Amino acid sequence: MIIHNNEIAQKLDEMGDLLAIKGANKYRIRAYKNAARSIRSQGRRIDEMIDSGEDLTQLDSVGKDLASKIKEIVSTGELSDLKKLKNQLPSTLLNLLDLEGLGPKRVKRLYDVLEIETQDDLKKAADNEKIREVKGFGKKTENNIREQLLDNNEKDRRFRIDKVEELIEPFRAYLQNIDTVSDLVIAGSYRRRKETVGDIDFLVIATDSKNMIEAFTKYEEVKKVISKGNTKSSVMLKTELQVDLRVVEKRSKAPALLYFTGSKKHNIKLRKLGIDKGYKINEYGVFKDDKRIKCETEEDIYKLLNLEYIEPELRENRGEIKAAKRNKLPDLIENKDIKGDLQMHTKHSDGSSSIKEMVEKAIEIGYEYIAITDHSSYIGVTNGLSDSEIPSYLDELKRVDEEYSEINVLSGIEVDVLEDGKLDLTDESLKRMDVVIFSIHSHFNLEEKKQTDRILTAMDNKYVNIFAHPTGRMINKREGYKYDIEKVVQHAASSNIIMEINGSPSRLDLDDINSKMASDNHVSLVINTDAHSPKELSFMKYGISQARRGWVQADEVINTLNFTDVIKKFKR
DNA sequence: GCCGTTTTCGGCCCGACTGTTTTCAGTCG
């Protein structure tokens, strides 16, 4: 049975939440949550692991019991224990947990005392001032619940990394200007360079935390102060972005940075390691028998735990601690490794600028080469190139390449894959290109097997080189199309197809997990911007971040090669 | 329910803030 990792994880998550409401042992609950998380971060498909007879207990946080439950989900699509729980408790209670301030204990109490099962029930009870009468609740909690239910539409939103950068810069500048601030860092998932962030975590080293907090909450863009203590505060901005502030003294900078960068799971692992060695680690420092151990940098703390330094992008508890113990961490790719950009568009299709304008910007960045890769014509909206237009397109590219001695301009195309896996241009046209990118922009909803075959067919065209934005997902907009990506990755490895990490912040595709999976399968990668204007050539940094999160090293990425070596990669 | 260079039991990270209480449970990160 075809079932995706996310669906398995979802069931385990529900199981954990319902057990929590029921009041089960908290470590049992945590076990379900941990397993769900572990499955979500697998590059491999669990159903295929089962098909090939692999032992699921080799996965992190999955033991004998959960392995058999996962097998049950994969073979039947259901989990009988979850069904049983849902007979005892309405599953709509899970929606109540989404509200801030409502955890399992309170949800259970509302259910027991007021028979509240749904958000509608909750709304009615709040309007009738019934909630304040329940033990453990009061007027404030009731009001908070009512307000949240009123503007529920903005809930659960995560912001794209590029949007957040824009939104947060003025706030950062404002805080930086306060004179008691000696240092300010944005920690959290922002520092880990996740593709989206739920909130911003400011870590500030300041001499006067009270004043600092005061200034923080008085910032003009603040819509609501969520909490305000002596060292910690949270606010909601008018843009609906939540921002947390934590103030610590200078000697706590490294442990605080480590702690607030997360991820939570990574931290928990570190603290456990610490305990094994007799250390207590918290955001204020590292302690042995209540005595502070001097740690000035994050490196110092990792070293104390006998670990290699772990870059923020890797701190997701996906095996980085084990690797650090054995000095087996990857030597992550960096911005400076990139020597060219191999996907961009011009006025010849849906780009905003001329070839020359793109070239000049690329020279300014310092690239050794670029490829211009306008669309083929299948998708009408991109106003792309048909076979008859290819000769003049190539002529212009040639002229521009000769005009600029500072850079090599490769001729390229982003050709559409048709429904049956054939390509939108003739081999005659493709043959004339230095580099051929193929990608999918239509028929997203084919049945999984058909979609897989379609891609494999396209890969077998002997003129194609790069599979662009391979899953087609758009961040916060749509999921990728469904196909057997492992099979495609393996085929790419055996047939010298390069897979793209698309740096456009709306795509970031391959994502971190699939990048790692491709890298583990020894597929060559390329990091491109897919720029549609000169400005968008700056998207490279997002692609690099995503690659770093996927444990990718420079030597796996073809556009770190110099010009003479990179063109060899396009011969098939 | 998971996990183990203290492995088959006995642990399971740690602290801040809020609202409701009157010393703390619940929630959050």
Side-chain angles (χ1 to χ4, degrees), chain A residues 12 15-16 19-21 23-38 56-70 81 96-110 131-145 187-190 192 197-203 209 213 217 225-235 242-248 252 255-256 258-287 305-306 317 322 325-326:
Chain A
L12 297 178
M15 189 77 194
L19 282 172
I21 294 172
N25 174 305
K26 65 176 174 172
Y27 299 108
R28 186 169 167 225
I29 296 160
R30 192 181 294 173
Y32 278 91
K33 293 279 175 183
N34 286 344
R37 205 195 126 84
S38 167
L56 295 182
T57 61
Q58 66 181 287
L59 300 173
D60 258 0
S61 308
V62 175
K64 228 172 137 189
D65 182 84
L66 286 180
S68 82
K69 289 199 166 73
I70 293 166
D81 281 3
L96 305 183
L97 293 174
D98 292 343
L99 295 166
E100 178 198 300
L102 284 191
K105 296 265 164 53
R106 285 180 160 172
V107 166
K108 179 67 164 36
R109 194 170 298 156
L110 289 173
I131 292 175
R132 64 180 68 181
E133 292 167 12
V134 180
K135 189 167 170 3
F137 290 81
K139 217 169 152 182
K140 277 199 163 170
T141 310
E142 185 181 84
N143 283 336
N144 184 31
I145 288 171
S189 52
Y190 185 91
R192 302 200 310 279
V197 303
D199 56 29
I200 284 287
D201 300 294
F202 278 121
L203 173 66
S209 88
I213 301 266
T217 56
V225 177
I226 299 167
S227 71
K228 187 178 169 186
N230 288 327
T231 61
K232 191 177 161 180
S233 172
S234 293
V235 297
Q242 184 177 323
V243 184
D244 300 340
L245 172 74
R246 187 63 187 261
V247 187
V248 298
S252 293
L258 186 70
Y259 182 60
F260 291 108
T261 297
S263 67
K264 191 175 162 183
K265 292 283 170 192
H266 178 87
N267 286 339
I268 289 174
K269 271 254 165 96
L270 286 187
R271 289 183 175 199
K272 278 184 186 165
L273 263 187
I275 290 170
D276 292 345
K277 298 187 189 305
Y279 299 116
K280 184 175 82 164
I281 305 173
N282 59 29
E283 57 264 57
Y284 300 110
V286 180
F287 303 89
L305 299 172
N306 288 333
N317 191 29
K322 214 177 260 176
K325 253 186 218 167
R326 301 172 183 161

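These figures come from a predicted structure and were not determined experimentally.
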Base, sugar-phosphate, or nothing: which does [X] touch, judged by heavy atoms less than 4.0 Å apart?
X: A/K135; value: nothing
X: A/N306; value: nothing
X: A/I29; value: nothing
X: A/K69; value: sugar-phosphate
X: A/I275; value: sugar-phosphate
X: A/K26; value: nothing
X: A/K269; value: nothing
X: A/L66; value: sugar-phosphate
X: A/D276; value: base

* Which of these passes side chain to side chain donor-acceptor pair (under 3.5 Å) with A/N317: A/H266, A/R37, A/K269? -> A/K269
To the nearest 0.5 angstrom, please state how far the [atom1] atom of [X] sits from the [atom2] atom of [Y].
X: A/K232; Y: A/D201; atom1: NZ; atom2: CG; value: 9.5 Å
X: A/K265; Y: A/K33; atom1: NZ; atom2: NZ; value: 9.5 Å
X: A/L273; Y: A/I281; atom1: CG; atom2: CD1; value: 8.0 Å
X: A/R106; Y: A/T141; atom1: CZ; atom2: OG1; value: 5.0 Å
X: A/S209; Y: A/L245; atom1: OG; atom2: CG; value: 9.0 Å

* Structure fact -> When both distances are under 3.5 Å in a Watson-Crick or G-U wobble arrangement, the nucleotide paired with B/dC3 is B/dG10
* To do: For A/K228 and for A/Y279, locate the closest nucleotide of DNA chain B by heavy-atom distance; then report the residue assigned to the nucleotide nearer the 5' terminus.
  => A/Y279
* When the distance from CZ of A/F287 to C1' of B/dC13 is rounded to whole Å, what number comes out? ->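 In whole Å, B/dC13 C1' lies 14 Å from A/F287 CZ.
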* Asked: How long is the line joining NZ of A/K277 and C1' of B/dC13, in whole Å?
  ->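 These atoms are roughly 17 Å apart.
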Would you measure the distance from the [atom1] atom in [N] across to the matching atom in [M] and give it in whole Å?
N: B/dG26; M: B/dT22; atom1: P; value: 14 Å
N: B/dT23; M: B/dC28; atom1: P; value: 25 Å
N: B/dG4; M: B/dC13; atom1: P; value: 14 Å
N: B/dC3; M: B/dT8; atom1: P; value: 16 Å
N: B/dA16; M: B/dT20; atom1: P; value: 22 Å
N: B/dG11; M: B/dT6; atom1: C1'; value: 12 Å

* To do: Do nucleotides 24-29 of chain B as a string where each nucleotide becomes B, S or -: B if the base has a protein heavy atom under 4.0 Å, S if just the sugar-phosphate does, - if no protein is that close.
  => --SSSB
Reckon [X] has a side-chain N or O less than 4.0 Å from the OP1 or OP2 of [N]?
X: A/T231; N: B/dC17; result: yes
X: A/K33; N: B/dG1; result: no
X: A/Y32; N: B/dG1; result: yes
X: A/N282; N: B/dG15; result: yes

* Asked: Would a distance-only check, ignoring hydrogens and angles, find a side-chain to backbone donor-acceptor pair under 3.5 Å from A/E142 to A/R132?
  -> yes
